[in-house]
There are 2 protein chains.
Amino acid sequence: MADRLPQLELANQLCFALYSASRASIRGYGPLLAELGLTYPQYLTMLVLWEATEPLTVGDIGARLHLDSGTLTPLLKRLEDVGLADRARDPEDERRVLITLTETGQAMRAKAAGIPERVFPLYGIDVASAQRLIRDLTEITNSLTHPRQG
Amino acid sequence: MADRLPQLELANQLCFALYSASRASIRGYGPLLAELGLTYPQYLTMLVLWEATEPLTVGDIGARLHLDSGTLTPLLKRLEDVGLADRARDPEDERRVLITLTETGQAMRAKAAGIPERVFPLYGIDVASAQRLIRDLTEITNSLTHPRQG
DNA sequence: CGTCTTTGAATTGTGCGCAATATTATTGCA
DNA sequence: TGCAATAATATTGCGCACAATTCAAAGACG
């Protein structure tokens with residue numbers, strides 16, 4: 001019963017700190033997104049679509065959110081079902097599916113505009129710290145996603 | 001079509017930076033955990049159990065991982081099915097279920113001991129940065145979990 | 001002692017994530 | 001032109017997360 005393997009202690013795991021913080025932050029969005037009838041991944045998808053200047057393919061959205069069609073196809077169908085987005089095969093390449101916002105989907109942008117500033121205080125940090133954290137986390141994500149050799 | 005609402009841009013969302021980094025880090029563990037036949041949440045549960053000096057209840061584990069019985073009950077049943085853990089009602093309080101590791105579960109600890117150091121290089125940061133990050137992330141998790149008033 | 005409330009876990013239902021596979025369209029190239 | 005290889009999306013299956021509900025046991029209290 002070799003006790004104390006510090007490298008296996010929960011409190012020392014960066015992965016667990018990330019996992020906990022991510023879930024806690026998503027919980028923070030819960031009540032606000034419920035007002036819009038969106039789940040958190042649906043909200044992220046709407047952010048991508050609001051930011052786009054032209055129709056995006058499923059793959060485009062997936063590249064931005066790091067999600068594949070196994071996740072996005074049913075999610076986008078739900079957005080379509082509630083009238084926020086349209087899905088249509090690209091006539092120029094029938095393999096692709098182009099996603100566009102409906103009027104309702106576009107209109108929701110204004111209602112969502114106040115959400116980030118309502119959630120931010122919950123983090124309990126200042127804007128500069130948040131920006132640093134975003135930068136550091138983005139670098140870590142890049143590093144994890146594109147490992148230098150094996 | 002009011003373009004540019006910076007507060008809604010994906011790249012400015014701390015929540016998305018956390019969400020992406022968390023998923024990327026879990027992906028980093030994937031191949032190593034597959035060798036043990038564990039999923040990531042099962043691995044976290046094993047970390048908790050390896051660290052414990054006495055049997056834990058479902059609630060104890062949930063408090064450490066921020067998970068409820070809706071997630072843990074089926075997960076623990078799976079650990080039981082593969083012979084890593086035992087589940088038994090607490091005779092002193094039949095509402096509680098006590099979780100203990102089997103011999104096999106204890107033995108797996110040695111095999112897992114090398115995992116963190118094999119994953120760490122993937123983050124692309126040094127140990128001091130990782131420790132700072134863990135501290136900062138733990139603080140925002142606490143802040144999100146225990147909001148100061150409404 | 002009876003019953004009302006609280007507590008801990010299990011159950012149910014929905015929506016992700018993600019691996020693996022299937023399906024259809026396009027491309028490359030002999 | 002014909003056909004194999006590739007690409008984009010969809011489908012299937014499993015295991016989380018989490019809200020909502022149920023169920024059984026323990027406490028509280030008249």
Side-chain angles (χ1 to χ4, degrees), chain A residues 15-16 18-31 33-34 37-46 55-63 65-82 87-99 145, chain B residues 15-16 18-31 33-34 37-46 55-63 65-82 85 87-99 144-145:
Chain A
C15 61
F16 177 65
L18 290 165
Y19 167 81
S20 297
S22 172
R23 288 196 299 124
S25 121
I26 292 173
R27 270 195 296 275
Y29 279 79
L33 296 184
L38 293 177
T39 66
Y40 181 73
Q42 288 167 8
Y43 170 69
L44 292 181
T45 304
M46 293 300 287
L56 297 181
T57 67
V58 174
D60 293 334
I61 299 171
L65 299 181
H66 315 300
L67 291 171
D68 67 10
S69 71
T71 300
L72 284 174
T73 295
L75 186 156
L76 292 167
K77 283 183 179 174
R78 281 175 210 114
L79 293 183
E80 187 179 34
D81 288 344
V82 298
R87 299 164 61 246
R89 289 281 168 184
D90 183 349
E92 310 220 332
D93 183 342
E94 293 276 345
R95 289 172 304 182
R96 297 191 180 122
V97 170
L98 295 175
I99 311 297
T145 308
Chain B
C15 62
F16 177 65
L18 290 166
Y19 168 82
S20 297
S22 172
R23 287 194 300 122
S25 121
I26 291 173
R27 271 195 296 276
Y29 279 81
L33 296 183
L38 293 177
T39 65
Y40 181 72
Q42 288 168 8
Y43 170 68
L44 292 181
T45 304
M46 293 300 287
L56 297 181
T57 67
V58 173
D60 292 334
I61 298 170
L65 299 181
H66 315 300
L67 292 171
D68 67 10
S69 70
T71 301
L72 284 174
T73 295
L75 186 156
L76 292 166
K77 283 183 180 175
R78 280 174 212 116
L79 293 183
E80 186 180 34
D81 288 344
V82 297
R87 300 163 61 247
R89 289 280 167 185
D90 183 350
E92 310 220 331
D93 183 343
E94 292 278 344
R95 289 173 302 184
R96 297 192 179 122
V97 170
L98 294 175
I99 312 297
L144 287 161
T145 307

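Labels below follow one simple rule: chain letters A, B, ... track the order of the sequence lines, proteins then strands, and each chain is numbered from 1. Scope of the values below: all heavy atoms of this structure, side chains included, with no hydrogens, waters or symmetry mates. Since we're looking at a predicted model, the values are computed, not measured.
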Taking all heavy atoms of B:Leu33 and all of B:Tyr40, pick out the closest pair and write down the distance.
CD1-CA, 3.7 Å
For A:Arg95, is there any backbone N or O sitting under 3.5 Å from a side-chain donor or acceptor partner on A:Arg89?
yes
Tell me if a side-chain donor or acceptor on B:Arg78 pairs with a main-chain N or O of B:Gln42 at a distance below 3.5 Å.
no
Distance check needed: D:dT11 C1' versus A:Leu72 CG, whole Å only.
14 Å
Under 4.0 Å between a side-chain N or O of A:Lys77 and OP1 or OP2 of D:dT9?
no
Counting only N and O atoms by type, is there a donor-acceptor contact under 3.5 Å from the side chain of A:Asp60 to the main-chain atoms of A:Ala63?
no
Parallel under 30°, tilted from 30 to 60°, perpendicular over 60°: which one fits the rings of A:Tyr29 and A:Tyr43?
tilted
Protein within reach of the bases, or only the backbone? For nucleotides 12-28 of chain D, mark each nucleotide 5' to 3' as B, S or -, using heavy atoms under 4.0 Å.
---SSBB------BS--
dist A:Asp90:CG -> A:Thr57:OG1 (nearest 0.5 Å) comes out at 8.5 Å
Side chains of B:Thr73 and B:Lys77, heavy atoms from C-beta outward: is any pair under 4.5 Å?
yes
Compare all side-chain heavy atoms of A:Pro41 with those of A:Thr71 and state whether any distance is below 4.5 angstrom.
no
For A:Glu80 and D:dT9, give me the distance from atom CD to atom P, rounded to whole Å.
15 Å
Under a criterion of less than 4.0 angstrom to any heavy atom of chain A, what are the 5'-terminal and 3'-terminal contacting nucleotides of DNA chain C?
C:dG15 to C:dT26
